[in-house]
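Encoded as structure tokens, the structure appears first; notes follow it.
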Amino acid sequence: MTRSEMLFERAVKRIPGGVNSPVRAFGSVGEKPRFIVSAEGAYLTDADGRRYLDYVGSWGPMILGHNHPAVREAVLEACSQGLSFGAATEREVEMAELICSLVPSVEMVRMVNSGTEAVMSAIRAARGYTGRDKILKFAGCYHGHCDAMLVKAGSGVMTAGVPDSAGVPAGCTKDTLTAAYNDLPGVEELFAACGSEIAAVIVEPVGANMGVVLPEEGFLEGLRSLCSRYGSVLIFDEVITGFRLGLSGAQGYFGIEADLTTFGKIIGGGMPVGAYGGRREIMELVAPLGPVYQAGTLSGNPVAMAAGLAELRTLRDTPGFYEELHRKSRILFQGLEGLVKKAGKACRFNYIGSLGSLFFTGQEVRDYGSAKTSDTEAYAAYFSHMLDRGIYLAPSQFEAMFVSAALTEEEIGKTLEAAESFLNING
Ligand code: KE4
């Protein structure tokens with residue numbers, strides 16, 4: 001029995017599913033989770049001393065690679081000054097100023113402790129600002145686990161949202177409408193019917209929680225113009241894309257400004273951090289300034305701020321950081337795309353910047369419905385094949401590959417070799 005197996009045996013006795021977040025249980029790939037003890041650069045090391053090239057990167061924060069010296073030293077220095085004060089600190093001011101300087105649509109920002117908290121708070125601010133109740137989301141987009149967002153995918157656009165989790169009262173989802181990603185006509189129809197009741201549209205500007213799904217030409221622009229026309233708040237959930245696609249995230253990449261934006265992951269540099277921010281007239285409604293209540297014991301925690309500031313400043317101050325990250329990502333993604341074409345296997349590869357997904361389906365993947373045609377058993381076989389060769393991919397078809405700057409072309413070549421051996425065997 002491996003040490004990871006022994007640890008998992010203990011874990012399942014005291015932690016639901018043995019993990020503190022479901023995807024970590026490796027359930028959908030039929031493997032037992034590897035317990036990680038350390039990470040450095042592009043590599044994870046598990047409890048049995050096995051090293052893996054990491055394409056999860058803690059689900060996004062590790063864009064610089066693991067244990068980056070600038071982040072580590074900033075955290076150690078902050079720790080030496082005390083871990084938490086429950087009081088205002090300079091680092092929070094610096095973080096707010098930095099985010100506002102990098103994302104033009106963000107005039108004010110509030111720190112929280114997770115992406116879920118950022119989304120929950122942004123929705124409340126949008127409802128407080130508009131005095132409306134309805135929220136429109138898209139099937140296949142994940143915005144954390146606040147009740148209003150746990151809505152059965154694909155529930156009729158016009159009908160009240162049906163909870164997609166036990167323990168969520170129907171009342172919490174009745175005002176959540178769901179449309180199909182990239183289906184602008186469907187959204188236009190919905191706005192025509194009840195646009196005056198819609199407080200906000202929340203969208204992942206690049207879908208990354210159904211695998212990677214790109215917005216089609218005109219989709220985001222259409223959401224922007226509909227929200228402006230009907231006085232609804234456009235919320236870009238940039239928990240993944242924020243500072244991943246570039247210093248101004250997806251809004252900079254696509255040239256579309258959101259009214260509110262949610263952040264997480266990279267802004268914490270690996271520590272628990274989320275944030276929401278946007279137009280001053282909306283954010284000024286947030287307590288203690290206005291009537292929209294939101295609070296948090298550890299929000300803006302000085303150690304977490306130190307980690308996030310070090311990461312964001314490194315991204316901002318490293319000349320050509322994103323160009324190089326995207327150059328290496330293209331080598332990997334175009335290499336994988338070429339392999340699936342050569343193997344003739346029913347596969348599709350979607351990618352943008354340093355995010356990508358291999359789908360085991362012959363269909364173009366443009367929304368949740370098409371993503372769900374993917375053969376998840378084939379993905380599980382691919383995952384295990386790669387894991388056995390020291391390549392650590394997302395343990396689910398419906399997640400993304402996250403490329404970090406620590407990856408070298410040699411390691412990308414090793415990844416492509418491992419993928420080629422799978423596709424040749426299973427082509
Ligand atoms: P957290 O509450 O997990 O920090 O963030 C929720 C969230 C919000 N918005 C988007 C676009 C997200 O992707 C997430 C969380 N992402 C997942 C990965 N797909 C986190 C991994 C996990 O759940 O363990």
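Remember, it's 1-based here, ligands and their atoms both numbered in the order they're listed.
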Identify all side-chain donor-acceptor contacts of residues 137-151 below 3.5 Å with residues at least two apart in sequence or on another chain.
residue, atom, partner, partner atom, Å
K137, NZ, C141, O, 3.0
H143, ND1, D237, OD2, 2.7

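Ring orientation note: the planes of Y382 and Y379 are nearly perpendicular, at an angle over 60° on the 30°/60° scale. Ring orientation note: the planes of F333 and F349 are tilted relative to one another, at an angle of 30° to 60°.
Side chain to side chain, E204 and Y181 fail the donor-acceptor criterion of an N or O pair below 3.5 Å. A donor atom on one side chain and an acceptor atom on the other are not found under 3.5 Å apart for Y392 and R34. Defined by atom type and a distance below 3.5 Å, a donor-acceptor pair is missing between the side-chain atoms of R348 and T361.
Listed by chain and number, S21, V23, W59, S114, G115, T116, Y142, H143, G144, E204, N209, D237, V239, I240, K265, E399 each place a non-hydrogen atom less than 4.0 angstrom from ligand 1.
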